[in-house]
Peer 1: 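Would you mind keeping the following structure in view while I ask a few things?
Chain A is the first sequence line, chain B the second, and so forth, proteins listed ahead of strands; every chain is numbered from 1. Below, all heavy atoms of this structure are taken into account, side chains as well, without hydrogens, waters or symmetry copies.
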Amino acid sequence: MAKPEPSQIYSQVVKVTHVYLGPAADRFIARQVQNHLHKSPEELTYADLANLVDWIQVAVSLITEDKEIIEEYIAQLRKLAQLTLHSNSHPASHGTE
Amino acid sequence: MRSVKASRHVSRAMLYYGLLVVLYLVLSVALPPNHATEAAYKLTTLQYHVLLLLVLFPLAVIWLIAFYGYSNMKAYSELVKDSTEGVSLDHISNGLMWLAWGLPITSLVQLIAGSIANAHTGFDSASVIISNYASIIFLLIAFHIMSTGTRLWTEQYNLRISIGGTKFLVLAFVTIGSIYTYVIFHNTYAHNDPYRLPHWLLITTVVIPYLYSWFMGFLAAYEVSMVSKNVTGLLYQQGLRYVSGGIVTVVASSIVLQYFRTTVIAPGKALPLGSVLLIVYLLLVLIALGYVLLAYGARKLKKIEEV
């Protein structure tokens, strides 16, 4: 059986994370989704994003003490959350999902 | 679960280290002393053994750091076993393991062979040959495995050594290899055949394996530094740079140490004994420093995989 494709929002979060965690990005996000949201990557939805970002902030704080990098990374994720929230609340102006 | 398995690498390595140190300690005390050394320095048997234990202490610290370093790298490679870089990191950590194990085991082999030679003068040549081959075997296996891992790693990132890099490696290797071969044969004639081997055996079983392993080692170190410069991820890079720096330091220091040990024959003639020992210990400390960097980097990378 083919492995299910991760959801688009999951892929977007991994893309942002890749800037900071490189090849470990996918594994890191998958772990946060599975351990804290009790979901698999393909089940991640836009509604989960805010909660996920909070958990990612906690996890990244355990990896590094560099506040600048943490703030920058979380800011990127919150920006992504804002964009997706805006897209979802205005579906007519939203392109493709 | 995988985290538990990973941490077992460290505890198991520490256990093996402890056993090896105890074995070396027991053998240092139990085996017959070198009477020529006792006479030369006017030592009693007790003083001789105390001196051996004093020499053991800094060595034991270096071995501890080496075992801690490689086991942390093994633990990290266990955590990423199923990832795209898992196989390459496994090879690299296995290579580092062989290098680390080579430190106490070659010392043990030299101790045992030397003690047998002390008691039976006919065993003198065999002792020298066995000690040399023990060093070669570990280095050869370590660098062969490590270079397989680093090659897989560079292929994963579609990295190729540049033309400039290739020329530099070839020139460095040819220069070092030529000087090494000259010095080996110079020693053979000038110092009454210290390697105790016919020339054809010296070339095929000492010179060629050493040159091959050093070239593999250089290549591995170069490829690791290439990957660390090209990988993405700000936080990932922080850990990887320490790992890369550690591997380069360990590989370079190991090569220089072996080069020095096999070419500076009859210490006291070319260099005073004190200088020889100082250089050997400095190189061993550098190896330990490499393993410290390695352990630090591996722990940073492990944290990313565990949170």
Peer 1: May I ask you to check whether over 12 heavy atoms, not counting those of B:Trp98, lie within 6.0 Å of atom CH2?
Peer 2: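 Open: at most 12 neighbouring heavy atoms sit under 6.0 Å from CH2 of B:Trp98.
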Peer 1: Closest approach of A:Gly22 and B:Tyr236, non-hydrogen atoms and distance?
Peer 2: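 Scanning both residues completely, I find the closest heavy atoms to be N-CB, 4.3 Å.
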Peer 1: Can you check whether A:Arg27 reaches B:Leu79 side chain to side chain, under 4.5 Å on heavy atoms?
Peer 2: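 With C-beta onward as the side chain, the pair stays apart.
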Peer 1: Within residues 56-64 of chain A, which positions have a heavy-atom distance to chain B below 4.5 Å?
Peer 2: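 Within residues 56-64 of chain A, the residues that come under 4.5 Å of chain B (heavy atoms only) are A:Ala59, A:Val60, A:Leu62, A:Ile63, A:Thr64.
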Peer 1: Given heavy-atom pairs under 4.5 angstrom as the criterion, report whether the side chain, backbone, both or neither of A:Phe28 touches chain B.
Peer 2: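 For A:Phe28, side-chain heavy atoms alone lie under 4.5 Å from chain B.
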Peer 1: With respect to B:Leu235, which candidate in A:Thr17, A:Ile69, A:Ile70 satisfies the side-chain contact (heavy atoms from CB on, under 4.5 Å) definition?
Peer 2: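 That would be A:Ile69; it is the only one of A:Thr17, A:Ile69, A:Ile70 passing the side-chain contact (heavy atoms from CB on, under 4.5 Å) with B:Leu235.
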Peer 1: Taking OH in B:Tyr242 as the centre, count heavy atoms belonging to other residues, nucleotides or ligands within less than 6.0 Å. Is the count above 12?
Peer 2: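 Count not over threshold, so no.
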Peer 1: Below 4.5 Å, heavy atoms only, C-beta onward: do B:Val231 and A:Pro23 meet side chain to side chain?
Peer 2: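 Answer yes - side chains close enough.
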Peer 1: Under 6.0 Å from the NE2 atom of B:His144, do we count more than 12 heavy atoms belonging to anything else shown?
Peer 2: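 It does not: B:His144 NE2 has 12 such atoms or fewer within range.
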Peer 1: Supply the atom-to-atom distance B:Leu234 CG to A:Tyr73 OH, rounded to the nearest 0.5 angstrom.
Peer 2: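 Separation between the atoms: 11.5 Å.
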Peer 1: Would one find more than 12 heavy atoms of other residues, nucleotides or ligands at under 6.0 Å from atom OH of B:Tyr157?
Peer 2: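 Yes, the 6.0 Å shell around OH holds more than 12 heavy atoms from other groups.
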Peer 1: So which atom in B:Val307 and which in A:Arg31 form the shortest heavy-atom distance, rounded to 0.1 Å?
Peer 2: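 Between these two residues, the closest heavy atoms are O-NE, 2.9 Å.
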Peer 1: Identify which of B:Glu305, B:Glu306, B:Lys303 forms the greatest number of heavy-atom pairs closer than 4.5 Å to chain A.
Peer 2: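 The answer is B:Glu305.
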